[in-house]
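Remarks on the structure that follows.
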Amino acid sequence: MVNRNNMYGKSGSCRPPVYGREGGSKALTMDLVKSLMLASYSLVWVDYRDNLYDSLDIVGECIKEKSARPLYEKAEGWYDEQRFLIIREIWGQIKAGISGEGFDEDAVEEFMEAHRDDIMDAIYERDDSDAVSELVRHTRDVPVRVELLSGYDCINSHWLESQGGYVYPDSYFGDMVDALNLNPAKVKRFLAEKGITVYGRCHYRRSRDGRELVSYEDFHRELVNSCCGTNLLTYTGKVNLRELYESGFSVAKVTIPKDNYCGIFSSMYGGGSAIGMRLRRDVTLELETGGYRGYRLVLDASGSGHDYSIGRVYGVDDSFFVGTVKLTPANYETV
């Protein structure tokens, strides 16, 4: 099989080079074509009003995959027509530039068609546009959830859990108490005063006194208002999309700021509790890395099917998510 590239103008070509009219010494080669091209081209132009706020499902896919790939693939299709029109214009400019060097129009047409792939590659190499980066920059902070994952799966409604009494520590309830840095002995005593039984080794832990993430009153209120099954302890906040994008959507830790809310929520059933526990201080949470322990960062988009969002279920706007979380990228290195 004959290599098409070797037929038209590359080293070892069997076709003689085309020269300009009137005895000109310039040969029509790819080097000449490249010398007539601009140093850079912008193949995509993003309007300042364009953003990703109506395409947060794609951002959610990026978070799940820990990669910007879904966003790049989607954005590629969004700007296909614009890119086609701009390249067609550039193609015409290149053709006019070559003709201006004194080459016959038919020879220019034939050469460019024969070297179409090479010329297109040269155009793309000079592309200085970054549609995804621009779209990200135009998108305001977006709401997120950070969910506690546990070997005990989840916590059910208060009605169901209280039938046999809550258990500490060997339960999702126990993992919640520990995650919120509550003192088990105080939890047991406080709930007992409200007529709620807690079984297990609820030892007094002095190191947690004064370092609780939420109040015992808020914790009690969150429990008794839990109305459905398959709940997870959920922290709320916003994320700076540019920071998330620059991390490659690969995040090791998140820091939820003081005064943000956390609570019990089920994205499966579209219910939960009041999500009314206000954080007393910042808390840094390590995200899971493949196992079912740690925390999971989830975009709180509108969702579909069984994947409900807090915004959709509770009818709240972005102000409910209060402060922006701090991200620690997975490749972050301390000095």
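The model shown is predicted, which means the values in this text are computed figures rather than measured ones.
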Out of curiosity, H138 NE2 to R49 CZ, how far, rounded to the nearest 0.5 Å?
-> 11.0 Å
Let me know which of L213, L297, I275 forms a side chain to side chain contact (heavy atoms under 4.5 Å, CB included) with Y235.
-> L213
Rounded distance (nearest 0.5 Å) linking atom CG of N225 with atom CD of E222 = 7.0 Å
Under 6.0 Å from the CZ atom of R281, do we count more than 12 heavy atoms belonging to anything else shown?
-> yes
Look only at the side chain of E89 and the backbone of L85, and say whether a donor-acceptor pair between them is shorter than 3.5 Å.
-> no
Between CZ of R278 and CG of D218, what distance do you get to the nearest 0.5 Å?
-> 9.5 Å
Can you find a pair of side-chain heavy atoms, one from L232 and one from L148, that are under 4.5 Å apart?
-> no
Minimum heavy-atom distance between M30 and D118, given as atom pair plus value = CE-CB, 3.9 Å
Please lay out, stage by stage, how R208 and D178 fare under the test salt bridge (charged side-chain N to carboxylate O under 4.0 Å, His left out).
-> CA-CA 10 Å; R208 296 188 181 184; D178 291 341; 3.0 Å; yes
Between the main-chain N or O of A301 and the side-chain N or O of S309, is there a donor-acceptor pair closer than 3.5 Å?
-> yes
Any sub-3.5 Å donor-acceptor pair from T139's side-chain atoms to L52's backbone N or O?
-> yes
V298, L233: one ILVMFWY side-chain cluster at the under-4.5 Å cut-off?
-> no
Run the numbers on T29 and D31 for side-chain hydrogen bond (donor to acceptor under 3.5 Å, both in side chains), then give the verdict.
-> CA-CA 5 Å; T29 64; D31 286 339; 4.9 Å; no
Min side-chain heavy-atom separation I63-L244 under 4.5 Å | yes
Go through R242 and E246 one step at a time and tell me if the salt bridge (charged side-chain N to carboxylate O under 4.0 Å, His left out) criterion holds.
-> CA-CA 6 Å; R242 185 172 184 176; E246 289 175 351; 3.3 Å; yes
Between CE of M37 and CZ of R126, what distance do you get to the nearest 0.5 Å?
-> 4.5 Å
Checking side chain to side chain contact (heavy atoms under 4.5 Å, CB included) for the pair V198/R189: CA distance, chi angles, key distance, verdict?
-> CA-CA 9 Å; V198 178; R189 183 169 66 248; over 6 Å; no
Honestly curious: do L38 and W91 fall in one hydrophobic cluster under the side-chain, below-4.5 Å linking rule?
-> yes
Is the backbone of V322 close enough, under 3.5 Å, to the side chain of N260 for a donor and an acceptor to pair up by distance?
-> no
Chi angles and distances behind the side chain to side chain contact (heavy atoms under 4.5 Å, CB included) call for L182, Y168 | CA-CA 12 Å; L182 298 174; Y168 180 89; over 6 Å; no
Please check if the side chain of E286 supplies one atom and the backbone of Y295 the other of a donor-acceptor pair under 3.5 Å.
-> no
Side chains of S129 and Y79: closer than 4.5 Å at any heavy-atom pair?
-> no
Could you pull out all residues at least two apart from Y124 that satisfy side-chain contact (heavy atoms from CB on, under 4.5 Å)?
-> L43, R83, I87, M120
So with a 6.0 Å cut-off around NZ of K253, is the heavy-atom count from everything else above 12?
-> no
Output, in order, the C-alpha distance, side-chain angles, deciding distance and verdict of side chain to side chain contact (heavy atoms under 4.5 Å, CB included) for V214 and L279.
-> CA-CA 5 Å; V214 300; L279 291 175; 4.3 Å; yes
E288/R296 ion pair, N-O < 4.0 Å = no
Any donor-acceptor pair under 3.5 Å from E212 side chain to G210 backbone | yes
CA sep, side-chain torsions, deciding dist, call: D209, Y204, side-chain hydrogen bond (donor to acceptor under 3.5 Å, both in side chains) | CA-CA 9 Å; D209 283 350; Y204 191 89; 2.3 Å; yes
ILVMFWY network linking W159 to V167, side-chain heavy atoms under 4.5 angstrom | no
Measure up the F320 and Y261 rings against each other and bin them: parallel (under 30°), tilted (30 to 60°), perpendicular (over 60°).
-> parallel
Does the S266 side chain pair with the main chain of T230, one donor and one acceptor, at a distance under 3.5 Å?
-> yes
Thinking salt bridges, do K95 and E109 make one under a 4.0 Å N-O criterion?
-> yes
Smallest separation among heavy atoms of G164 and Y199, with atom names | O-CE1, 3.0 Å
Can you hop from V136 to I58 via hydrophobic side chains spaced under 4.5 Å?
-> yes
Which heavy atom in Y269 sits nearest to a heavy atom in C228, and how many Å separate them?
-> CB-SG, 4.1 Å
Any R201 side-chain heavy atom under 4.5 Å of D170 side chain = yes
Flag, side chain of N231 to backbone of I155, donor-acceptor distance under 3.5 Å = yes
Derivation and outcome, side-chain hydrogen bond (donor to acceptor under 3.5 Å, both in side chains), residues H158 and Y166 | CA-CA 9 Å; H158 173 65; Y166 289 93; 2.8 Å; yes
4.5 Å side-chain heavy-atom contact, V46 and L135 | yes
Heavy-atom side-chain contact between V59 and F249 under 4.5 Å = yes
CD of E81: more than 12 outside heavy atoms within 6.0 angstrom?
-> no
On a heavy-atom basis, the closest approach of A75 and V132 is CB-CG2, 3.7 Å
Straight-line distance of T234 OG1 to I264 CD1, nearest 0.5 Å = 9.0 Å
S267 versus R145: any side-chain heavy-atom pair under 4.5 Å?
-> yes
Are any side-chain N or O atoms of N240 and backbone N or O atoms of D141, one a donor and one an acceptor, separated by less than 3.5 Å?
-> no
Nearest heavy-atom pair of L287 and V251: which atoms, and what distance?
-> CD1-O, 3.4 Å
Trace of the side chain to side chain contact (heavy atoms under 4.5 Å, CB included) decision for F265 with I310 | CA-CA 8 Å; F265 179 67; I310 290 174; 3.9 Å; yes
Between L180 and M277, is any pair of side-chain heavy atoms under 4.5 Å apart?
-> yes
Minimum heavy-atom separation for A68 to C62, with atom names?
-> CA-SG, 3.9 Å
State whether the side chain of D300 and the backbone N or O of P143 hold a donor-acceptor pair below 3.5 Å, judged by distance alone.
-> no
Taking it one step at a time, do K64 and E61 satisfy salt bridge (charged side-chain N to carboxylate O under 4.0 Å, His left out)?
-> CA-CA 5 Å; K64 288 180 182 178; E61 290 180 26; over 6 Å; no
Under a single-linkage definition using a 4.5 Å side-chain heavy-atom cutoff for Ile, Leu, Val, Met, Phe, Trp and Tyr, are F84 and V44 assigned to the same hydrophobic cluster?
-> no
First locate atom OG of S99, then atom CG of L28, and finally report the distance between them rounded to the nearest 0.5 Å.
-> 9.5 Å
